[in-house]
Amino acid sequence: MKLLMAASEAAPYIKTGGLGDVTGALLKEFGKADIEAFLMLPLYRRIREKFPLSDTGHRMRIPVGSRRHEGRIFSHGDSLFFLECEEFFDRSELYGTPAGDYPDNPARFAFFARAVPEACAELGLRPDVIHCNDWQTALVPLYLKTLYDTPFFRETATVMTVHNLGYQGVFDGVLFSLTGLGPEWFTPEGIEFYGKINLLKAGLISADIITTVSETYAEEVMSAEFGFGLDGVLRKRAGDLYGVVNGIDTDEWDPATDPLIPARYDRRDLSGKGVCRKELVGECTLDRGEKNAPLVAMVGRLSAQKGIDIFLEAAEEVVSMGARIVVLGRGDEHFQERLIDLADRQKGSVFVKIGYDEAFAHRVYAGSDILLMPSLYEPCGLSQLIAMRYGTVPVARRTGGLADTIMDYAPLRDTGTGFLFRDYRAECLRECLNRAFCAYTAGPKWKKIRRAAMSRDSSWKASSMKYLDLYRIALGRKRREAE
Ligand code: ADP
């Protein structure tokens with residue numbers, strides 16, 4: 001099996017969120033299992049600054065609309081390729097600045113999607129499967145069925161993974177010409193989407209197999225509530241749509257070895273977690289309330305998807321119930337402002353840090369008692385997996401990957417790894433937190449939940465094998481088609 005991962009980000013090279021974690025971790029896992037896996041990424045400025053790359057000497061001329069752009073292929077070792085086009089990728093950010101997305105994103109990623117098959121041909125790299133991720137690489141499967149329907153790619157299958165259907169790469173219809181596709185594709189059966197172009201749709205209509213990052217989310221995306229206008233397209237492909245839950249990098253996220261936390265611990269000896277907790281309370285100057293008041297944390301993007309509005313609605317009452325709160329995140333301006341405001345009003349009980357701070361995130365996961373994730377929708381979610389591994393019990397909404405990875409505590413059976421609520425309402429969030437607080441004050445019960453959470457296997461082992469199975473299914477289909 002020769003696999004090519006095509007993505008706009010992959011750890012450790014470049015990462016802005018879950019997508020980069022997933023592609024990076026999968027490659028690492030395939031490396032351990034001796035699977036021949038290649039990676040193609042755009043050569044962003046930050047990669048060039050951090051990693052010593054070699055120029056392969058290979059050049060490409062990629063048409064984007066009426067212009068042709070020069071592309072150069074750089075490499076790191078034998079299997080990692082970086083496709084360079086200074087005009088598009090030599091910038092400070094990946095997709096845009098706080099002022100907004102780069103306006104030429106459709107041209108940038110049309111370039112990259114076309115550069116992937118071009119680079120394969122140039123390098124003589126004939127993958128069995130190209131695994132594409134999100135809208136930035138979603139044109140690749142359609143290109144293989146159209147402009148690159150060549151003998152070279154006759155037996156190359158494609159797998160398209162949707163990490164978050166909320167981001168589809170929708171742009172003005174006049175930009176369709178950037179894709180180089182024939183006019184028959186600017187139709188409702190093609191990539192036209194209410195008069196605009198929808199790049200993710202290109203992958204959804206043409207990839208041999210589609211996946212999303214949890215089984216529940218794979219079901220949800222076929223409904224109007226979660227489908228963001230693409231539910232009809234996905235329903236048509238229901239037979240080719242699979243859910244594969246994400247894992248986490250268990251070497252990076254391990255409280256027994258984590259160099260970024262004040263003390264190390266594991267599920268047999270949690271004394272180090274007590275040290276982490278004390279330090280976190282001190283660092284966040286949470287001096288109001290009971291010494292043992294439960295410490296509730298939130299870590300993540302501050303966007304409507306994450307349920308920040310119902311959290312803000314419930315926060316003050318949660319504090320009055322005796323809890324203390326730490327929030328780490330950045331995102332929408334109005335959420336940032338309201339959170340800062342809350343912290344000002346509740347000094348000593350609520351601490352808010354606006355920004356992206358990896359080291360602080362480690363300290364928060366280690367030092368907190370509860371991680372709150374009241375997401376409106378959640379394709380998979382990594383924060384709850386990390387929290388569980390650090391013995392921080394998740395309280396979350398029963399949606400997408402949260403429903404699949406957290407086992408709701410059942411008091412009569414005394415089993416569970418966290419607490420789930422169903423309705424997207426502040427009141428339900430509060431009630432659910434209250435259930436968690438009750439278990440928290442009943443010491444032995446809490447210890448059991450925490451131990452169960454820490455015992456969950458969130459490694460990539462099982463899921464990477466599932467992807468391999470899907471690659472084989474996709475390849476089998478492609479080969480039958482080619483015969
Ligand atoms: P999403 O991909 O929707 O943003 P996930 O829960 O899948 O959410 O993954 C988020 C990842 O990014 C987690 O590893 C989380 O710890 C990390 N993260 C999110 N926001 C921040 C932040 N402000 N500082 C540090 N790490 C963050």
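As the structure lists them, so they are numbered: ligands from 1, and atoms in each ligand from 1. Please read these numbers as outputs of a predicted model, since none were measured by experiment. Here, residue 1 is the first one in the sequence, and each next residue gets the next number.
Salt-bridge annotation for Asp104 and Arg91: present, with a side-chain N of the basic residue lying under 4.0 Å from a carboxylate O of the acidic one. In summary, Glu316 and Arg345 engage in a salt bridge, as defined by a charged side-chain N under 4.0 Å from a carboxylate O. Ion pairing of Lys28 with Asp251 is present here, as a side-chain N (NZ or NE/NH1/NH2) and a carboxylate O approach within less than 4.0 Å. By the 4.0 Å N-to-carboxylate-O rule, Arg45 lies too far from Glu93 to be salt-bridged with it.
At least one donor-acceptor pair under 3.5 Å links the side chain of Asp249 to the backbone N or O of Glu252.
Considering only non-hydrogen protein atoms, atom 17 (C) of ligand 1 sits nearest to Tyr356 OH, 4.0 Å. Of the protein's heavy atoms, Leu382 N, 2.9 Å lies nearest to atom 6 (O) of ligand 1. Of all protein heavy atoms, the one closest to atom 4 (O) of ligand 1 is Arg301 NE, 2.8 Å. Scanning all protein heavy atoms for the shortest distance to atom 10 (C) of ligand 1 gives Ser383 OG, 4.3 Å. Among protein heavy atoms, atom 11 (C) of ligand 1 sits closest to Asp21 OD2, 4.3 Å. At the top of the distance list for atom 23 (N) of ligand 1, counting protein heavy atoms only, stands Gly355 O, 2.8 Å. Protein heavy atom closest to atom 19 (C) of ligand 1, with residue, atom name and distance, is Gly300 CA, 3.6 Å.
The closest side-chain donor-acceptor pair between Tyr356 and Thr16, if any, does not fall under 3.5 angstrom. With 3.5 Å as the limit, one finds a donor-acceptor pair spanning the side chains of Thr211 and Thr161.
Less than 4.0 angstrom separates some heavy atom of Ile386 from each of these atoms of ligand 1: 14 (O). Taking every non-hydrogen atom of Tyr365 and a distance limit under 4.0 Å, the qualifying atoms of ligand 1 come out as 15 (C), 16 (O). Applying the 4.0 Å criterion to heavy atoms of Ala361 picks out, from ligand 1, the atoms 25 (C), 26 (N). In the vicinity of Gly18, heavy-atom distances shorter than 4.0 Å reach the ligand 1 atoms 2 (O).
Put simply, no part of Cys380 is less than 4.0 Å from ligand 1, judged by heavy atoms.
For Asp357, every heavy-atom contact with ligand 1 shorter than 4.0 Å involves the backbone, none the side chain. Counting heavy atoms closer than 4.0 Å to ligand 1, residue Leu19 contributes nothing at all. The part of Lys306 lying near ligand 1 is the side chain, judged by heavy-atom distances below 4.0 Å.
Cation-pi check for Arg398 over Phe421 is not met; the charged atom does not lie both under 6.0 angstrom from the ring centroid and within 45 degrees of its normal. Cation-pi contact between Lys353 and Phe360: present, with separation from the ring centre below 6.0 Å and deviation from the ring axis of at most 45°.
When each of Leu175, Asp172, Val170 is paired with Pro106, the side chain to side chain contact (heavy atoms under 4.5 Å, CB included) condition holds for Leu175 and for no other.
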